[in-house]
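Down below is the structure, laid out as structure tokens.
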Amino acid sequence: MKKILLALVVISGLLFQGIYAEEEYINALWAHNMGGNVWEILHGDFTGDGIPEIIVASGCCGNPGYVTVFDVSGKIVWQAKMPYEVRALDIGDIDGDGKLDAVCAATDSKIYFISNKGEILKVFSDTGDVLKIKIADIDGDGKNEVITGSSHIRIFKNMEEVKSYSTSNRIMDLNTYDLNGDKKLEIITGGLGNYVYVFDSELNLLWKNQSNSVVWGTIPFNYLGNTSILVLTKGYYVLDKDGNKVYQKNMDEYFIAGHDTGNMILLADGKGNVNSYDYSLNSLWNYKVEREVKDISSYREGNDVLILLGSMDENFYMLKGNGEFIGSATAGSYVSAVDSFNVKNKRYVVFGSFDDNVYAYYRETKNVPFYGAGTALAALMFYLYKRFSSS
């Protein structure tokens, strides 16, 4: 009997010592002064080593602007210089070589096509400030197009302009999405002209919808089982794929920023309110910061959604998917851009500020011993063994 009990103790220990809980850590990694406002942060693997780099658009006040690529340690991989500040940026393969490139726009109303190594390949002069750039294969031919928005929507193939459309908008938002299920992406825009425009992949106008006020954003999503567009304005409303209004919510405040987390919609107004909705637009929760939220991002940890906010109150915030506060970090001016990506078991969180700095943090998941049911059972077996062995 004693030997059997001893064996059970040993076996229990072997079986249950591998049970672990997850303990999370968040640590500051590095900060880099860009010499000007940080306008945009993205990530992508420029070096081809399987680890994303951090891509930053920056500049201020009539001084030169930069597109800078950092590795995860904060070392500059390359930096491209433009004559004026860079406010719009996207990344993707623009020359068909299978490597990431960059396209940006500066406040000199010029669009810059930048190679994988940081060389400026081509410059295009627009007629106004370009505030949005999107790189995507919109026509389904396996090659990316570049779509830009100023007071014109333009499509570039192989760095050459092939289509343009003049709008009454100064374009504030630009999205691509397959609205009609034809395997090609429609182009969706919104802006200061109070219009939502939808174009096909050849830039033919499919329809437009006029709002009563400025359109700050457009979010393609699935509303009540149907492909739709959520329009951010003074309140919000929903357009179906043909441009018909199917829902409207009037409010006193403008919704300035919006984000689709993959399971809910987040909308932020000009007073620091972040509102969460399900895809039927039922209200879920509200989180309040001191001033306007400028950027929203999210990612998943297992089944959980984590939310990143950059606010004009000079703080970066992390929330759980239920709106519960996790933590924050303070910058020297308003936080203008947020991003994150994962490398193995390490989540990198990056944000930029108008204090001219890029800040990098990491959030790590480590296995630590969990003294739960297995340990309790082993302890019980040991207690029984000691009791019977002494009798």
Side-chain angles (χ1 to χ4, degrees), residues 28-44 53-70 74-91 102-112 114 118 120 123 126 128-134 148-150 170-174 191-192 216-217 256-257 259 268 270 272 289-297 308-317 328-340 348-361:
L29 276 178
W30 51 267
H32 190 98
N33 190 293
M34 305 302 300
N37 299 337
V38 175
W39 291 94
E40 183 66 87
I41 296 176
L42 301 171
H43 68 272
E53 283 76 47
I54 299 157
I55 303 91
V56 179
S58 64
C60 180
C61 314
N63 295 317
Y66 298 90
V67 173
T68 308
V69 176
F70 295 93
K75 178 182 177 182
I76 294 177
V77 177
W78 58 255
Q79 186 174 71
K81 181 179 179 181
M82 268 56 69
Y84 296 94
E85 64 191 83
V86 177
R87 295 193 179 186
L89 172 70
D90 201 10
I91 59 175
V103 181
C104 74
T107 53
D108 56 4
S109 299
K110 292 181 179 179
I111 300 165
Y112 295 84
I114 305 170
I120 296 175
V123 180
D126 207 304
D129 285 345
V130 177
L131 299 181
K132 293 294 177 181
I133 299 173
K134 186 75 70 175
T148 63
S150 56
R170 184 184 181 191
I171 299 302
M172 304 296 293
D173 193 52
L174 180 62
L192 298 182
W216 288 102
I256 307 296
H259 177 73
V289 300
E290 293 300 318
R291 297 182 64 190
E292 177 185 327
V293 170
K294 298 298 292 184
D295 198 20
I296 309 173
S297 184
L308 315 177
L309 306 175
S311 171
M312 288 188 71
D313 67 11
E314 303 184 356
N315 283 286
F316 162 81
Y317 297 89
S328 64
T330 300
S333 183
Y334 82 71
V335 177
S336 51
V338 297
D339 192 29
S340 73
Y348 289 86
V349 175
V350 188
F351 62 94
S353 172
F354 272 30
D355 69 1
D356 299 352
N357 284 290
V358 176
Y359 299 89
Y361 285 69

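Just so it is clear, the values below take in all heavy atoms, side chains as well, and ignore hydrogens, waters and symmetry mates.
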Taking only residues two or more places apart in sequence, or in another chain, which ones meet D129 in a salt bridge (Lys or Arg N to Asp or Glu O under 4.0 Å)?
-> R170
Is any side-chain heavy atom of V38 less than 4.5 Å from a side-chain heavy atom of V56?
-> yes
Residues forming a salt bridge (Lys or Arg N to Asp or Glu O under 4.0 Å) with D126, sequence neighbours excluded = R154
Is there side-chain contact between F351 and L308, with heavy atoms separated by less than 4.5 Å?
-> no
OH/Y348 to CD1/I54 distance, rounded to the nearest 0.5 angstrom?
-> 8.5 Å
side-chain contact (heavy atoms from CB on, under 4.5 Å) filter on D355, not counting sequence neighbours, yields A331, S333, S353, N357, Y359
Side-chain contact, heavy-atom cut-off 4.5 Å: D356 with C60?
-> no
Who passes side chain to side chain donor-acceptor pair (under 3.5 Å) against N63, sequence neighbours left out?
-> none
Which residues satisfy the side chain to side chain donor-acceptor pair (under 3.5 Å) test with S336, sequence neighbours excluded?
-> none
Of all the heavy-atom pairs spanning A337 and D295, show the shortest one and how long it is.
-> CA-OD2, 3.3 Å
Apply side-chain contact (heavy atoms from CB on, under 4.5 Å) to V123 and list each qualifying residue two or more places apart in sequence or on a separate chain.
-> K110, Y112, I120
Non-neighbouring partners of E40 that pass salt bridge (Lys or Arg N to Asp or Glu O under 4.0 Å), sequence neighbours left out = none
Name all residues meeting the side-chain contact (heavy atoms from CB on, under 4.5 Å) criterion together with A88; count only those two or more places apart in sequence or in a different chain, and write none if there are none.
-> A105, I133
Donor-acceptor under 3.5 Å (S311 side chain, R291 main chain) | yes
Closest approach of K132 and M172, non-hydrogen atoms and distance?
-> CE-O, 3.0 Å
So CD1 of I41 and OG of S58: to nearest 0.5 Å the spacing works out to 10.0 Å
Taking the side chain as every heavy atom from C-beta outward, state whether V103 and I111 have any pair of such atoms under 4.5 Å apart.
-> yes
Would you please classify the geometry between the W30 ring and the F70 ring as parallel, tilted or perpendicular, with 30° and 60° separating the classes?
-> tilted
Go through the structure and list residues passing side chain to side chain donor-acceptor pair (under 3.5 Å) with T330, not counting sequence neighbours.
-> N315
Is I171 close to L131 at the side-chain level, that is, under 4.5 Å between some pair of heavy atoms?
-> no
Determine the minimum heavy-atom distance between I296 and V338, stating which atoms define it.
-> C-CG2, 4.1 Å
Test item: I55 and V67 side chains (from C-beta on) under 4.5 Å apart, heavy atoms = yes
By side-chain contact (heavy atoms from CB on, under 4.5 Å) - contacts of I256 (at least two apart) | W216, Y254, E292
Could you pull out all residues at least two apart from Y66 that satisfy ring-ring contact (aromatic ring centres under 6.0 Å, His included)?
-> none
Counting only pairs under 3.5 Å, give me each side-chain donor-acceptor contact of residues 78-86, with atom names and distances, residues two or more places apart or in other chains.
residue, atom, partner, partner atom, Å
W78, NE1, N116, O, 2.9
Q79, NE2, T68, OG1, 2.8
E85, OE1, C61, N, 2.9
E85, OE2, R87, NE, 2.9
E85, OE2, R87, NH2, 3.1

